[in-house]
Amino acid sequence: MKVLKFGGTSVGSPENMRAVMNIITAEKEPKVVVLSAMSGTTNSLVDISSCLYKGDKEAAKSLIEELKLKYTKVVTELFSSEEYKGKGQDVICRHFDLLKEQTEGDFSEIKEQIILAQGELISTALFTYLLQENKIKTALLPSLDFMRIDEEKQADLKKIKELIKPVLAQAGDQDIFIAQGYICRNANGDIDNLQRGGSDYTATLLGAAINAEEVEIWTDIDGIHNNDPRFVEKTKRIENLLFVEAAELAYFGAKILHPLTILPAKDANIPVRLKNTMNPEGEGTLISNDKTIAGLKAVAAKDGITAIRIRSDRMLMAYGFLRTVFQIFEKYKTSIDMITTSEVAISLSIDNNKNIERIVSEIKEIGDVEVDNDYTIVCVVGDMIAGEKVFSKQVFNALEGIPVRMISYGGSRYNISILIKSEFKKATLQKLNKLFV
Ligand code: ASP
Ligand code: MG
């Protein structure tokens, strides 16, 4: 069985929902379809919760009414028959009554979680009715019955595997199973979620739980591109990526996948294909553990990086110095992204400046510190040392004319990271793009 996930834009209007219906019924094989909330909904639900945290019940209620109006319109356009328009209206009334109930009395985290869950609950209920109106054999798999996170709020795949079995057995023989993305229950059994953008993660967790043959993530772009189209013309779709390469790109802001998404698929060796709902014929990008072509595949960039250089004569021929430095960062829960060292100095980069003053004052006790803001990490991804070929030379040659603050090469064979002032980002991405053509 395949798992197909459709994001907020893919189910963002009655027209798009019908496009999704056509895509999932094009092939006969049974499949699980994971849906996000309609686009904009989770944002509105977050706004409603923040009003309630501030005690502004009236503002929350008017946001709820506004959202309800939007959904009432969706229902009238989505269904053809009076029967299903009625069923759709019942869904809306039920969920919006529940939303209004959360505005009564004191607000709490539990109420917040109930509010945040409504987007996916509504989109899947309406979509199930749409399929039924079109005589498609379908059943809803309620994600709150099997998606679980543990005490540490990490996905609990073992539990999910266990819980999904009876749910699937009860759903019986169907062509399409529908499940909510994003929502789950926590270790206390309360409603919770997999964090914003978490529906992708639902899809790969579910894929791993049922040992799916493939997970497809349907969005509104043709897969992962090899560069950032906002800065570079003629970017190209990447056909194949390794999971390790996709993980590097996801961290560096190639904002296509929720960064945790690939882990369950990688571990269970289930290929993940990224597809475009607006262009279903397109091949998209396939992420897998299979060996793919050697060479450079993509660049991505992450802004807002701080560069720190620590110099100390104490480092000369001594051991344990790095440990002392790292402990200071650990103490302030600040993760280090890049690091290079010489005999008497260390350069490193962080993307979270929150505790920088306290960190610097502690480091000053062991050496001199320089801190510079407004840096960008540019990350080049691909198999750098495939066979006889070594691609680092091409990367370094392409960087001619760019003042580079740090280079990290060899940490993984799939990545070279380059730290530059953010003002050189566009030029760097453009120069590196020449490597792909
Ligand atoms: N609806 C949730 C969000 O907007 C989850 C998702 O779309 O993946 O973050
Ligand atoms: Mg999304």
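Counting convention: from 1, in listed order, for ligands and their atoms alike.
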Query - Gly198 to ligand 1, any heavy atom closer than 4.0 Å - result: yes
Report task. Under the salt bridge (charged side-chain N to carboxylate O under 4.0 Å, His left out) rule, collect the residues that match up with Glu362, sequence neighbours excluded. Result -> Lys331
Query - Contact (N/O only, under 3.5 Å) between Asp200 and ligand 1 - result: no
Query raised in the report: Checking Asp228 side chain against Arg230 main chain: does a donor-acceptor pair fall under 3.5 Å?
Result: yes
**Report entry** Cation-aromatic face contact Arg358/Tyr332, 6.0 Å, 45 degrees
**Finding:** no
Query raised in the report: Heavy-atom contact under 4.0 Å between Gly197 and ligand 1?
Result: yes
Query raised in the report: Between Ser36 and ligand 1, does any nitrogen or oxygen pair lie at a separation below 3.5 Å?
Result: yes
Query raised in the report: What is the ring orientation for Phe96 with Tyr71, classed by angle as parallel under 30°, tilted 30 to 60°, or perpendicular over 60°?
Result: tilted
**Report entry** Option with minimal heavy-atom separation from atom 2 (C) of ligand 1, where the choices are Gln180, Glu120, Lys5
**Finding:** Glu120
Report summary line: Taken in chain and number order and not counting sequence neighbours, the residues that satisfy salt bridge (charged side-chain N to carboxylate O under 4.0 Å, His left out) with Lys161 are none
Requested in this report: Show which atoms of ligand 1 fall inside a sub-4.0 Å distance from at least one heavy-atom site of Arg196.
Outcome: 3 (C), 4 (O), 9 (O)
Report summary line: For Ser199, the atoms of ligand 1 under 4.0 Å from one of its heavy atoms are 5 (C), 6 (C), 7 (O), 8 (O)
Query - Any side-chain donor near an acceptor of the partner, Asn16 and Ser10, under 3.5 Å - result: no
